[in-house]
Structures are given as structure tokens and as C-alpha cells.
Amino acid sequence: MTESTTRTPMDREFFDRPVLEVATGLLGRVLSRTTPEGTVAVRLTEVEAYAGELDPASHCYRGMTARNAVMFGEPGHAYVYFTYGMHFCVNLVCGPDGTASAVLLRAGEIVEGAELARARRNGSPDRDLARGPARLCQALGIARELNGADVCVPGELMIHEGAPVPAPLVRSGPRTGVSSAHDTPWRFWVEGDPSVSPYRRHVPRNRRGQAAPGA
DNA sequence: CCTCGGATCATCT
DNA sequence: GATGATCCGAGGA
């Protein structure tokens with residue numbers, strides 16, 4: 001009898017615009033994920049822009065592959081990828097069909113379904129439930145099967161109007177953890193929001209078995 | 001608060 | 001074979 005709140009998805013036209021406009025415009029919006037277990041929703045507080053084939057940090061920099069194909073398609077769909085052998089991250093595709101820009105959803109504040117989110121996050125402090133792109137996916141139950149999902153129609157993954165964040169509250173800086181284009185300030189967040197993730201620069205991993213040469 | 005190392009596998013070269 | 005749009009726990013300041 002507890003029906004989930006009726007919500008209206010955002011228009012696809014919102015996503016059919018330049019990536020930086022979409023990125024800043026997404027702050028304050030709400031992403032909801034519904035499964036048989038229930039609904040979890042987050043208010044987005046941190047995102048990063050990736051500008052398709054011209055952006056050295058983008059998964060599309062070297063053209064279309066099986067993994068990134070969704071990014072080249074219709075705006076308003078989810079691009080979900082698996083990384084570090086254990087984590088998922090989610091982007092929302094933007095720009096015209098045929099181009100390959102997207103916005104990585106990095107962090108948010110849980111606004112519905114906190115109990116389910118806590119269960120999925122297994123003891124994490126509330127502040128950290130969706131503080132980071134892989135944590136956000138874990139809290140929402142987003143995984144591979146949602147790659148390509150349309151977030152502009154009612155369904156298991158939907159983007160909602162929410163309350164857009166006024167421009168004076170939006171801050172920007174370098175993207176987190178990327179190994180190139182470090183000078184491009186395309187990470188955007190809500191000033192002062194506790195759910196914004198800490199910045200970490202890219203760190204090349206240790207090379208196993210590549211011991212220092214004898215001399 | 002910070003820094004550091006390990007986990008673990010899909011993807012690309 | 002190497003790397004990665006990350007996270008977590010341990011240990012130090």
C-alpha cells in the first residue's frame with residue numbers, strides 16, 4: 001500500500017545541450033532507482049563533464065568501442081561501466097545523437113530509501129552513503145544491466161526535476177583521479193555540501209614484478 | 001585529518 | 001600484459 005512517490009522524469013531536451021551546461025544543470029536534480037526491494041533516490045551534489053572524442057580523459061577519446069557505444073547514442077541514457085575489478089560508475093549521456101559527451105555522477109545526498117541504501121552500503125556512515133561515484137552506484141543498486149537505460153521515461157532509473165542549484169553555489173575544479181587533462185576544471189559541486197567527495201589526484205599504481213634494476 | 005597499499009577483472013594494446 | 005573517471009583499512013600526525 002505504500003506506493004512510491006509519483007514523479008515526472010525530466011525532458012530529454014535537457015540533455016541535448018553542451019556537456020558543461022548539462023553538468024552544472026544536473027546539480028540539485030534527483031536520481032531515483034527502483035527495484036523489488038524499494039526505491040532509493042539521491043539529490044546530486046557533485047558531477048564531472050567528459051567531452052567525447054576531443055577529451056583525452058574521456059572513455060571515447062580513441063573512438064567507439066563495445067564498452068562506450070552508449071555514449072555515442074541518444075542523450076538521456078545511462079552509461080554504466082565497471083572499473084577496478086569491483087566498482088560501477090554511472091554517467092548520463094548528453095549532446096546530440098552521434099556525439100559522445102556524458103556527465104559522471106560523482107556524489108549525492110540520499111533523499112529517499114536511506115534504510116535500503118544503508119543495507120547496501122553495509123555499515124557506512126550516512127554521510128558516505130553516496131559520497132563518491134562507486135558508492136553512489138552501490139547505494140542505488142546500479143550495475144551493468146542498467147547500461148543504456150533511458151532516464152527520461154518512467155522506469156527503474158529516472159532523473160527528476162528536483163531543485164536546480166543556483167549558479168552562485170556551484171564550484172568547479174579539476175576532475176578527480178584522471179590521468180590526463182588535469183588542468184581542465186570540469187568537476188562541479190555544491191559549495192559546502194557534506195556529501196561532496198574529497199578530491200584525489202590520479203596515482204599510477206605500483207608496477208608489480210617490476211623491481212628496481214640492480215643498479 | 002593525511003598517506004599508503006591492496007583488492008580484482010574488463011578492457012584495450 | 002598493463003591500467004583504471006575507486007574504495008577501504010591500517011597507521012601516522
Side-chain angles (χ1 to χ4, degrees), chain A residues 19-20 22-24 26-27 31 42 44-72 77-95 99-108 110 117-148 171-189 192 194-213:
Chain A
V19 63
L20 297 185
V22 175
T24 54
L26 276 172
L27 294 173
L31 183 72
V42 292
L44 300 173
T45 59
E46 181 187 356
V47 299
E48 279 175 4
Y50 288 87
E53 296 176 280
L54 300 176
D55 179 359
S58 169
H59 287 172
C60 294
Y61 186 51
R62 291 178 169 81
M64 184 160 48
T65 66
R67 176 175 73 157
N68 67 26
V70 169
M71 281 181 74
F72 287 83
H77 290 251
Y79 164 51
V80 178
Y81 69 92
F82 183 65
T83 191
Y84 287 99
M86 65 196 89
H87 298 303
F88 292 97
C89 297
V90 62
N91 297 249
L92 299 182
V93 176
C94 62
T99 65
S101 294
V103 177
L104 172 69
L105 308 184
R106 287 199 54 90
I110 304 289
R118 286 187 198 105
R120 287 178 174 145
R121 290 278 303 137
N122 192 31
S124 164
D126 274 13
R127 152 191 271 207
D128 294 344
L129 288 176
R131 192 180 189 221
R135 291 166 166 178
L136 184 150
C137 280
Q138 189 179 17
L140 294 189
I142 292 174
R144 190 184 310 284
E145 68 272 15
L146 287 175
N147 188 40
R171 295 290 180 276
S172 67
R175 292 174 290 187
T176 303
V178 302
S179 56
S180 58
H182 192 272
D183 53 336
T184 305
W186 285 355
R187 173 185 182 228
F188 302 96
W189 67 91
S195 67
V196 173
S197 71
Y199 174 75
R200 291 175 195 142
R201 89 178 194 288
H202 175 75
V203 180
R205 64 186 281 167
N206 292 340
R207 297 178 185 181
R208 294 177 302 180
Q210 184 161 340

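To find a chain, count down the sequence lines: A is the first, B the second, and so on, and within it residues start at 1. Remember, it's a predicted structure, so these values are computed and weren't measured experimentally. We use all heavy atoms of the structure for the numbers below, so side chains are in, but hydrogens, waters and symmetry mates are not.
The shortest side-chain heavy-atom distance between L146(A) and V90(A) does not fall under the 4.5 Å cut-off. Contact annotation: the side chain of T99(A) never approaches that of F72(A) to less than 4.5 Å [non-hydrogen atoms, C-beta and beyond]. A 4.5 Å side-chain heavy-atom check between L105(A) and V47(A) finds at least one atom pair inside the cut-off. At least one side-chain heavy atom of V178(A) sits less than 4.5 Å from a side-chain heavy atom of Y50(A). Side-chain contact between S197(A) and E46(A) is present, with at least one heavy-atom pair separated by less than 4.5 Å.
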> What's the verdict on side-chain contact (heavy atoms from CB on, under 4.5 Å) for V22(A) and L92(A), showing C-alpha distance, side-chain angles and the deciding distance?
Replying inline: CA-CA 9 Å; V22(A) 175; L92(A) 299 182; over 6 Å; no
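Nucleic acid contact class of R121(A) (heavy atoms, under 4.0 Å, all strands): sugar-phosphate only. When heavy atoms are screened at a 4.0 angstrom cut-off, A57(A) is found touching base atoms of the nucleic acid.
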Between protein and nucleotides 10-13 of chain C, what N or O pairs are separated by less than 3.5 Å?
none

Report each atom pair, protein N/O against N/O of nucleotides 11-13 of chain B, whose distance is under 3.5 angstrom.
residue, atom, partner, partner atom, Å
dC12(B), OP1, T65(A), OG1, 2.4

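Pairing each heavy atom of G63(A) with each of E53(A), the nearest pair is CA-OE2, 4.0 Å.
Remark: R187(A) is not in phosphate contact with dA5(C), judged by side-chain N or O atoms under 4.0 Å from OP1 or OP2. In this structure, H202(A) does not reach the dA5(C) phosphate: none of its side-chain N or O atoms is under 4.0 Å from OP1 or OP2. Between S58(A) and dA5(C) there is no side-chain polar atom (N or O) within less than 4.0 angstrom of OP1 or OP2.
Between the C1' atom of dA7(B) and the OH atom of Y84(A) lies a distance of 12 Å, rounded to the nearest Å. Between Y61(A) atom OH and dA5(C) atom P there is a gap of 14 Å when expressed in whole angstrom units. At whole-Å resolution of the value, CE in M86(A) and P in dG6(B) are 13 Å apart. With rounding to whole Å, H182(A) atom NE2 is found 14 Å from dG4(C) atom P. Rounded to whole Å, atom C1' of dC7(C) lies 18 Å from atom CZ of R120(A). At whole-Å resolution of the value, CZ in R106(A) and P in dA5(C) are 11 Å apart. What separates NE2 of H59(A) from C1' of dA5(C) is a distance of 5 Å, to the nearest Å. Regarding L136(A), its CG atom lies at a distance of 13 Å from the C1' atom of dT6(C), rounded to whole Å.
If R135(A) and V178(A) are placed on DNA chain C by their nearest nucleotide, the residue sitting closer to the 5' end is V178(A).
Tested against M71(A), the residues C94(A), S101(A), S58(A) include a single side-chain contact (heavy atoms from CB on, under 4.5 Å) partner, S58(A).
Remark: ring of Y81(A) not stacked against base of dA5(C); the cut-offs of centroid gap under 5.5 Å and plane tilt under 30° are not jointly satisfied.
A donor-acceptor contact closer than 3.5 angstrom is absent between the side chains of R120(A) and Q138(A).
The aromatic rings of F82(A) and F88(A) lie tilted to each other, with the angle between the two planes from 30° to 60°.
With a 3.5 Å limit on both pairing distances and Watson-Crick or G-U wobble geometry required, the stems of 3 or more pairs in DNA chain B span B:1-7 with C:6-12, B:9-12 with C:1-4.
For the atom pair CG (L44(A)) and OG (S195(A)), the distance works out to 9.0 Å, reported to the nearest 0.5 Å.
With respect to the salt-bridge test (charged N to carboxylate O, under 4.0 angstrom), the residues R175(A) and E48(A) do not qualify.
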